[in-house]
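First up is the structure itself, then whatever we jot down about it.
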Protein chains: 2
Amino acid sequence: MKKQRTTQQRKVIEEICFSSTCPLSIDDIESRGKEILATLNRVTVYRNLNRMVDAGELTRFSHPEKGTLYEQANRPHHHHFFCKTCEATFELPGCGLSLKKQTPAGFIVEGHEVFLNGVCAACAS
Amino acid sequence: MKKQRTTQQRKVIEEICFSSTCPLSIDDIESRGKEILATLNRVTVYRNLNRMVDAGELTRFSHPEKGTLYEQANRPHHHHFFCKTCEATFELPGCGLSLKKQTPAGFIVEGHEVFLNGVCAACAS
DNA sequence: GTCGTTGCAAAGCCTTTGCAGGGAA
DNA sequence: TTCCCTGCAAAGGCTTTGCAACGAC
């Protein structure tokens, strides 16, 4: 692991990622970052996010509808809900999955992801 | 809906998709198709798959590790298991998800996807 | 002959890489 | 001063589009 330097860009990107309560896309992070630091470059966002994923600070996953998303790595086990009306992604605490019921004999399950979709409380009312 | 013509390419692509017991990637379909019809072009595969998705014959979904996959649309409800050893994708019948437990008040769940990963029976033994 | 389809080339996204200049330590 | 980091440009992968030729009907 190389020694890291604290740059303005890195501070902005880390602040955005660590303060968000839901997964963010590259576009989210880039546009929010540019509000704070107008010269922020998309490539720099990519590089910093990749570094943070490698360092175990962020988790990257691919959402079926929203593409690549990033979230903090230290969150408790949870899944995601995508609202097709406002297109926001929410974090759902806990897990409604019964692994034993799902798994055929001989298969070893090491991990899983669940994506729910529908309409969120705000959009439904 | 336009009138469709029955071409060699389309027959090959449909045969591959409709006879597979697990989801296929573009690469899978292209390489299997080229074994039957060597001149088959990747663009033609894309176009036919898109047409079949639009026609409701296939479902396209994005797997977190394998990227875009295609499967028959008329299959009963199921989820997918990805083996990290042989990198195959298996279809798991049924559903181990308890939606009520998972859903916060006010959210309306319309659909869901579950991806399991681990080691399949063949690779585990 | 008509017109849906194909194959090739090219273009569009998303993401990564090369490189020179800039800035943190 | 050192050398990590950034920004720009360019390159790679995946997918779509434009266009002329082909082929099903």
Side-chain angles (χ1 to χ4, degrees), chain A residues 1-18 23-71 82 87 89, chain B residues 1-18 23-71 82 87 89:
Chain A
M1 183 94 68
K2 276 185 201 169
K3 203 197 308 183
Q4 290 203 351
R5 287 179 184 173
T6 306
T7 63
Q8 275 193 16
Q9 291 85 342
R10 177 163 301 166
K11 272 191 276 185
V12 167
I13 294 167
E14 287 179 350
E15 170 61 20
I16 291 167
C17 292
F18 292 156
L24 298 173
S25 68
I26 283 277
D27 281 341
D28 294 334
I29 298 166
E30 184 189 11
S31 58
R32 292 187 199 186
K34 280 189 165 157
E35 290 172 11
I36 303 170
L37 189 65
T39 59
L40 184 64
N41 189 285
R42 191 177 186 75
V43 173
T44 301
V45 177
Y46 271 111
R47 277 195 275 231
N48 275 285
L49 292 177
N50 287 344
R51 238 181 248 123
M52 292 163 82
V53 169
D54 290 344
E57 296 163 14
L58 292 185
T59 300
R60 176 173 40 216
F61 66 94
S62 168
H63 187 282
E65 274 137 299
K66 298 207 76 177
T68 305
L69 297 178
Y70 296 81
E71 68 181 353
F82 173 72
E87 300 198 334
T89 305
Chain B
M1 183 96 65
K2 277 184 201 169
K3 204 199 305 186
Q4 289 202 353
R5 287 179 184 172
T6 306
T7 63
Q8 277 193 17
Q9 291 86 341
R10 177 162 300 165
K11 272 191 276 185
V12 167
I13 294 167
E14 287 179 350
E15 170 61 20
I16 291 167
C17 293
F18 292 155
L24 298 173
S25 68
I26 282 279
D27 281 341
D28 294 333
I29 298 166
E30 185 190 11
S31 59
R32 293 187 198 185
K34 281 190 163 154
E35 289 172 11
I36 302 170
L37 189 65
T39 59
L40 184 64
N41 189 286
R42 191 178 185 75
V43 173
T44 301
V45 177
Y46 272 111
R47 278 196 275 229
N48 276 285
L49 292 177
N50 287 345
R51 239 181 246 124
M52 292 163 83
V53 170
D54 290 345
E57 296 163 14
L58 291 185
T59 300
R60 175 174 39 216
F61 65 95
S62 168
H63 187 282
E65 275 138 298
K66 298 207 75 176
T68 305
L69 298 178
Y70 296 82
E71 68 180 354
F82 174 71
E87 300 199 334
T89 304

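Below, chains carry the letters A, B, ... as their sequence lines are ordered, and counting in each starts from 1. Just so it is clear, the structure is predicted and the values come from calculations on it, not from any experiment.
Looking at residues two or more places apart in sequence or on another chain, you find a side chain to side chain donor-acceptor pair (under 3.5 Å) between B:Lys34 and B:Glu30. For B:Ser25, the side-chain contact (heavy atoms from CB on, under 4.5 Å) partners two or more places apart in sequence, or in a different chain, are B:Asp27, B:Asp28, B:Leu69. Shown here are the side-chain contact (heavy atoms from CB on, under 4.5 Å) partners of A:Glu14, two or more places apart in sequence or in another chain: A:Arg10, A:Phe18, A:Met52, A:Glu57. Scanning for salt bridge (Lys or Arg N to Asp or Glu O under 4.0 Å) contacts around B:Glu71 gives an empty result, with sequence neighbours left out. Every residue two or more places apart in sequence or in another chain was checked for a side chain to side chain donor-acceptor pair (under 3.5 Å) with B:Thr68, and none qualifies. With sequence neighbours excluded, no residue forms a side-chain contact (heavy atoms from CB on, under 4.5 Å) with B:Ser31. Applying the side chain to side chain donor-acceptor pair (under 3.5 Å) test to B:Asn50 and every residue at least two apart in sequence or in another chain returns B:Arg60. Applying the side chain to side chain donor-acceptor pair (under 3.5 Å) test to B:Arg47 and every residue at least two apart in sequence or in another chain returns nothing.
In this structure, CD of A:Glu14 is placed 10 Å from P of D:dT6, rounded to the nearest angstrom. Taking atom CZ of residue A:Arg42 and atom P of nucleotide D:dA11, one finds them 20 Å apart after rounding to whole Å. The distance between atom OH of B:Tyr46 and atom P of D:dG13, rounded to the nearest whole Å, is 13 Å. Computed from coordinates, the B:Leu69 CG to D:dC14 P distance equals 13 Å when rounded to whole Å.
Considering only side-chain N and O atoms, A:Asn41 lies under 4.0 angstrom from the phosphate OP1 or OP2 of D:dC8.
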Short N/O separations, protein against nucleotides 23-25 of chain D, under 3.5 angstrom:
from   : atom 1 : to     : atom 2 : distance (Å)
D:dG23 : N2     : B:Arg5 : NH1    : 2.2
D:dA24 : N3     : B:Arg5 : NH1    : 3.3

Show me the protein contacts with nucleotides 18-21 of chain D, counting only N or O atoms at under 3.5 Å.
from   : atom 1 : to      : atom 2 : distance (Å)
D:dG18 : O6     : B:Arg47 : NH1    : 3.3

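For DNA chain C, the outermost nucleotides in 5' to 3' order that have an atom under 4.0 Å from a heavy atom of chain B are C:dT2 to C:dA9.
Comparing the helix axis at one end of the helix from C:dG1-D:dC25 to C:dA25-D:dT1 with that at the other, each defined from 5 consecutive pairs, gives an inter-axis angle of 20° (nearest 10°).
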